[in-house]
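Heads up: the structure comes next, in structure tokens.
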Amino acid sequence: MLKLWKWYQNCLAVHPVKTQIISSGLIWGFGDIAAQSVTHFTAKNRHQVSDEDEELKINWKRVATTSLFGFGFVGPVGHFWYEGLDRFMKNRLQLQPKSLRFVASKVALGGIIFGPLDLLVFFSYMGFSTGKSAAQVKEDVKRDFVPAFILEEGIWPILQVANFRYIPVRYQLLYVNFFCLLDSCFLSWVEQQQDAAWKQWFKTFISIKEQEGQGG
């Protein structure tokens, strides 16, 4: 394990962007395999699969598609986001590293900018990659974005506080990528759930709020 850690450190120092791209692609691919497994066994336990579908069959095309999202978006965009965000806080805003304002500002910007962008790109990309039309992708994003955003915003800010407060900048992406393993599993699972009842609850709740707002 120590040799693996040193090898990773060396790769990160020599080829930082390439290292993040490759590691993100692998992590998101593995996360999708986990998501498919969770979805299959959940359906199996609820007796929602036929006898011929009892055995787990990984959709490797979907795994490849999800991996490409890690390679093409999470890795490169994530790398420049965290590096650039740190420089912006230090050089432009003149905030003291690890201070309350420094950490809080990073968490806030991540939740306002990077988090929503990541979800929007993910659900749009997954829709278009399966051959859906722009109208269908729009409906899928409307269906999946809000539930995923609400659930993620209840978890990621806490994780990011620890990241920005205790983890050196050069390792912050490694920290994020570790939790992206769970996040990729979660997002893939959300996308696979289609029109699940719990999504319909979010949709109904938002519609009621909008109607109350218009009525007021």
Side-chain angles (χ1 to χ4, degrees), residues 1 3-37 58-90 106-130 137 141 144-145 148-149 151-153 155-164 166-192:
M1 185 62 70
K3 289 184 177 180
L4 180 62
W5 172 244
K6 289 183 177 180
W7 175 77
Y8 176 83
Q9 286 181 306
N10 181 65
C11 291
L12 194 61
V14 179
H15 303 290
V17 180
K18 186 185 297 185
T19 300
Q20 294 301 335
I21 289 174
I22 294 174
S23 61
S24 295
L26 294 175
I27 287 172
W28 279 78
F30 185 78
D32 189 71
I33 293 175
Q36 291 187 46
S37 301
I58 297 297
N59 183 342
W60 292 107
K61 181 179 179 180
R62 181 185 170 88
V63 173
T65 299
T66 308
S67 294
L68 285 175
F69 177 74
F71 284 124
F73 180 81
V74 178
V77 175
H79 172 81
F80 290 110
W81 166 260
Y82 287 104
E83 293 286 342
L85 182 63
D86 193 72
R87 288 194 298 269
F88 177 76
M89 292 296 167
K90 292 178 180 177
K106 279 191 169 186
V107 173
L109 286 177
I112 295 172
I113 300 175
F114 189 78
L117 177 63
D118 180 52
L119 289 176
L120 180 62
V121 174
F122 175 79
F123 289 127
S124 299
Y125 165 74
M126 292 302 291
F128 283 119
S129 67
T130 56
V137 170
V141 170
D144 297 335
F145 180 86
F149 181 74
L151 293 174
E152 286 209 335
E153 286 304 302
I155 300 174
W156 270 108
I158 299 173
L159 299 175
Q160 291 290 45
V161 166
N163 189 21
F164 296 137
Y166 300 108
I167 307 298
V169 176
R170 63 184 179 277
Y171 297 127
Q172 285 179 1
L173 279 174
L174 176 62
Y175 172 93
V176 170
N177 271 336
F178 173 75
F179 287 102
C180 274
L181 172 61
L182 301 178
D183 191 45
S184 61
C185 177
F186 168 70
L187 290 180
S188 297
W189 178 78
V190 168
E191 201 275 338
Q192 286 181 338

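Hydrogens, waters and symmetry mates are skipped; everything else that's a heavy atom, side chains included, is used.
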Between Phe69 and Val121, is there a side-chain heavy-atom distance shorter than 4.5 Å?
yes
Distance col, row Ile113:CD1 vs Trp81:CH2, nearest 0.5 angstrom, shows 4.5 Å
Using a 4.5 Å cut-off on heavy atoms from C-beta on, say whether the side chain of Arg62 contacts that of Thr66.
yes
Donor-acceptor under 3.5 Å (Gln20 side chain, Gly78 main chain):
no
Of the options Lys106, Lys90, Gln172, which is the one that meets Leu85 in a side-chain contact (heavy atoms from CB on, under 4.5 Å)?
Lys106
Atom CZ of residue position Phe178 - does it have more than 12 heavy atoms of other residues, nucleotides or ligands inside 6.0 Å?
no
Nearest 0.5 Å, please: how far is OH in Tyr175 from CG in Leu159?
4.5 Å
Phe122 vs Trp28 aromatic rings, parallel, tilted or perpendicular, using cut-offs 30° and 60°?
tilted
How long is the span from the CG atom in Leu109 to the CD atom in Gln160, to the nearest 0.5 Å?
11.5 Å
Which pair of non-hydrogen atoms, one from Pro76 and one from Gly70, has the smallest distance, and what is that distance?
CD-O, 4.3 Å
Looking at every heavy atom in both Val63 and Gly29, which two are closest together, and how far apart are they?
CG1-O, 3.7 Å
Least distance between heavy atoms, Glu153 atom then Gly111 atom
OE1-CA, 3.9 Å
Which value, rounded to the nearest 0.5 Å, describes the distance between Asp32 atom CG and Thr65 atom OG1?
8.5 Å
Please examine the side chains of Phe149 and Leu120, heavy atoms only from C-beta on, and report whether any two atoms are closer than 4.5 Å.
no
For residues Phe145 and Phe123, establish whether the separation of their ring centroids is below 6.0 Å.
no
Please report the shortest heavy-atom distance between Cys11 and Thr19, naming the atom on each side.
O-OG1, 2.9 Å
Looking at NE2 of His15 and CG of Asn10, how far apart are the two atoms once the value is rounded to the nearest 0.5 Å?
8.5 Å
Check this for me: Tyr166, atom OH, are more than 12 non-hydrogen atoms of other residues, nucleotides or ligands nearer than 6.0 Å?
no
Atom CD1 of residue position Ile158 - does it have more than 12 heavy atoms of other residues, nucleotides or ligands inside 6.0 Å?
no
Does atom CH2 (Trp5) have a neighbourhood of more than 12 heavy atoms from anything else shown, all under 6.0 Å?
yes
Would the distance check show the side chain of Tyr125 and the main-chain N or O of Leu68 forming a donor-acceptor pair, the cut-off being under 3.5 Å?
no
Just wondering, do Phe30 and Ile27 contact through their side chains at under 4.5 Å, heavy atoms?
no
